[in-house]
There are 2 protein chains.
Amino acid sequence: MTTPHPSHPAVLLAADAVGDVIEYWGFRKALGRVWTVLYLWDGPLSAGDIGERLQMSAGAVSMALTELQRWAVVKRVWLPGERREFFEAEVDLWKMIAKVISERERYLARGVRERLEQAGKMLAESGSRVKGQQEKLEKLVSVAQLAERVIEAFIQSRMADFSTFTGALVEPEGRPSKARRGR
Amino acid sequence: MTTPHPSHPAVLLAADAVGDVIEYWGFRKALGRVWTVLYLWDGPLSAGDIGERLQMSAGAVSMALTELQRWAVVKRVWLPGERREFFEAEVDLWKMIAKVISERERYLARGVRERLEQAGKMLAESGSRVKGQQEKLEKLVSVAQLAERVIEAFIQSRMADFSTFTGALVEPEGRPSKARRGR
DNA sequence: TTGAATCTTCAAAATTTCTTGAAAGATCAA
DNA sequence: TTGATCTTTCAAGAAATTTTGAAGATTCAA
């Protein structure tokens, strides 16, 4: 076994801070840490590199990378002549935000709205004097429906403004991103 | 011990759905359930009532009510001639959202921004060739600062639009909420 | 094929979070 | 005061989540 090479303390501190953000959004802290180490490093890293830097087990790294790729925040990179897989951070976080809202939050909103609607039906069928409850439940259903529409609209729109926001993370070298001289 | 009187299944279903929403926002599911039972019921309920309806222990109800009051989503009500305390749901959820953003999210944002800044300093002092990392870290700091400013601005503004949103929960009776006669 | 290097999976262990229930603390009528 | 009723606190237990580590799968050079 080789000597472990943990990252510079500054990198670990930053990784932990980003981990807290991502944890607040319902992911495991480790995902944020791994992404940060990849983001701060110039060039791709292997799973083993990441494990060393963050002192994580191979299994934990593998699972973190799998999930990060599922959310499109990390991409797999092929390096010629290398058996191992390498990874690098996706800087366009808008991709991730859109995906999470589209898959996770939309799913939540739909489930909640459906259950509230069903509760409304159940109450209506139960007959007994529950007029007040029914009206309140209607209100809840309205809010759920509104939230769902907001989410749908959010997904529909290209969210140009948000691209600006997360665009702040692109590489410092400032390579042209769109219509600047060829590629 | 008296026979338990759980809520109507429809109410429990709705309570659970709201519980999921609140859980997604980082609170315990029980808080959402308690709020929903209070919201759907016409009039105030005692802690014992809530425990019966949701089949929760007295301790759990007490803790849930304490936290709900801390976030201003439930208010204590005094009923003449009653020894027990009663509670009812606060319908203006904007109060809660503002409080959570102001206390919890602002705190998170500040902590993250500070740690990223410190990481930047550490990297700068370390001397060695970490130019690329420093630049990337600067980007992260910028995003954190931006997020913090957005949160501050959010808190500053009265958020009139959001009141409209959450205003949808006010009592169906549609009594004027501001210039109510007397009282 | 074989074997070395690497990756993934998953059951068990560790950790974190939540709930319970009983004891202590309040409150109030008598 | 006393006793009855109700609330809060908190340690212990239960439950849920996360991490580990090792077995098995995969990949590729030889």
Side-chain angles (χ1 to χ4, degrees), chain A residues 1-2 4-6 12 15-16 19-20 22-35 37-38 44-71 74-88 104, chain B residues 1-2 4-6 12 15-16 19-20 22-35 37-38 44-71 74-88 104:
Chain A
M1 189 209 172
T2 71
H5 292 288
L12 296 178
D16 208 61
D20 281 348
I22 218 63
E23 185 176 41
Y24 190 81
W25 205 20
F27 296 94
R28 274 171 301 128
K29 213 170 166 176
L31 301 199
R33 292 206 194 96
V34 169
W35 179 85
V37 164
L38 285 172
L45 291 173
S46 73
D49 295 335
I50 296 168
E52 265 184 8
R53 277 153 216 265
L54 288 172
Q55 301 293 292
M56 290 168 66
S57 73
V61 172
S62 172
M63 285 189 296
L65 286 171
T66 301
E67 196 167 351
L68 285 168
Q69 286 173 94
R70 151 146 181 37
W71 292 111
V74 155
K75 49 194 174 190
R76 204 172 280 257
V77 171
W78 177 75
L79 291 190
E82 276 286 357
R83 169 173 308 183
R84 296 171 294 174
E85 308 251 33
F86 282 76
F87 303 87
E88 60 183 30
R104 213 174 57 176
Chain B
M1 189 208 173
T2 71
H5 292 287
L12 295 178
D16 208 59
D20 281 349
I22 218 61
E23 184 176 39
Y24 190 82
W25 205 21
F27 296 94
R28 275 171 300 127
K29 214 170 166 177
L31 300 199
R33 292 206 193 96
V34 169
W35 179 84
V37 164
L38 284 173
L45 292 174
S46 73
D49 296 335
I50 297 167
E52 266 185 7
R53 278 153 214 265
L54 289 172
Q55 301 290 292
M56 290 168 67
S57 72
V61 172
S62 172
M63 285 189 296
L65 286 171
T66 300
E67 196 168 351
L68 286 169
Q69 287 173 90
R70 152 147 182 33
W71 292 110
V74 156
K75 49 193 174 189
R76 205 173 278 256
V77 172
W78 177 74
L79 291 190
E82 275 286 357
R83 168 172 310 182
R84 298 171 295 174
E85 307 250 32
F86 283 75
F87 302 87
E88 60 183 28
R104 213 175 56 176

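Reminder, nothing fancy here: chain letters follow the sequence lines and each chain counts from 1.
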Subject >> Under 3.5 Å: donor-acceptor pair, side chain of A:Glu67, backbone of A:Met63 >> reply: no

Original post:
Taking the nucleotide of DNA chain D with the closest heavy atom to each, which residue, A:Ala30 or A:Trp78, is nearer the 5' end?
Top reply: A:Ala30

**OP:** Check whether any side-chain heavy atom of A:Asp49 lies under 4.5 Å from a side-chain heavy atom of A:Phe86, and answer yes or no.
**Re:** yes

**OP:** For B:Glu82 and C:dC28, give me the distance from atom CD to atom P, rounded to whole Å.
**Re:** 12 Å

Original post:
For A:Arg83, which contact category applies under a 4.0 Å heavy-atom criterion: base, sugar-phosphate, or nothing?
Top reply: base

Original post:
How many Å lie between CD on A:Glu85 and C1' on D:dC28, as a whole number?
Top reply: 12 Å

**OP:** For A:Ser62 and A:Ala58, indicate whether the former's side chain and the latter's backbone hold a donor-acceptor pair under 3.5 Å.
**Re:** no

Original post:
Do any side-chain nitrogens or oxygens of B:Arg84 fall under 4.0 Å of OP1 or OP2 in C:dT27?
Top reply: no

**OP:** Would you mind telling me which residue lines up with the more 5' stretch of DNA chain D, B:Met63 or A:Gly59, judged by nearest nucleotide?
**Re:** B:Met63

Original post:
If you check the B:Ser57 side chain, which of C:dG21, D:dT7, C:dC10 turns out closest?
Top reply: C:dG21

**OP:** Among C:dT8, D:dT20, D:dT8, find the nucleotide with the atom closest to the side chain of A:Ala58.
**Re:** C:dT8

**OP:** Kindly indicate whether a cation-pi arrangement holds for A:Arg104 with B:Tyr24, taking the cut-offs as under 6.0 Å to the six-membered ring centre and within 45° of the axis.
**Re:** no

Original post:
Which whole-number value in Å describes the distance from A:Leu54 CG to D:dT20 P?
Top reply: 11 Å

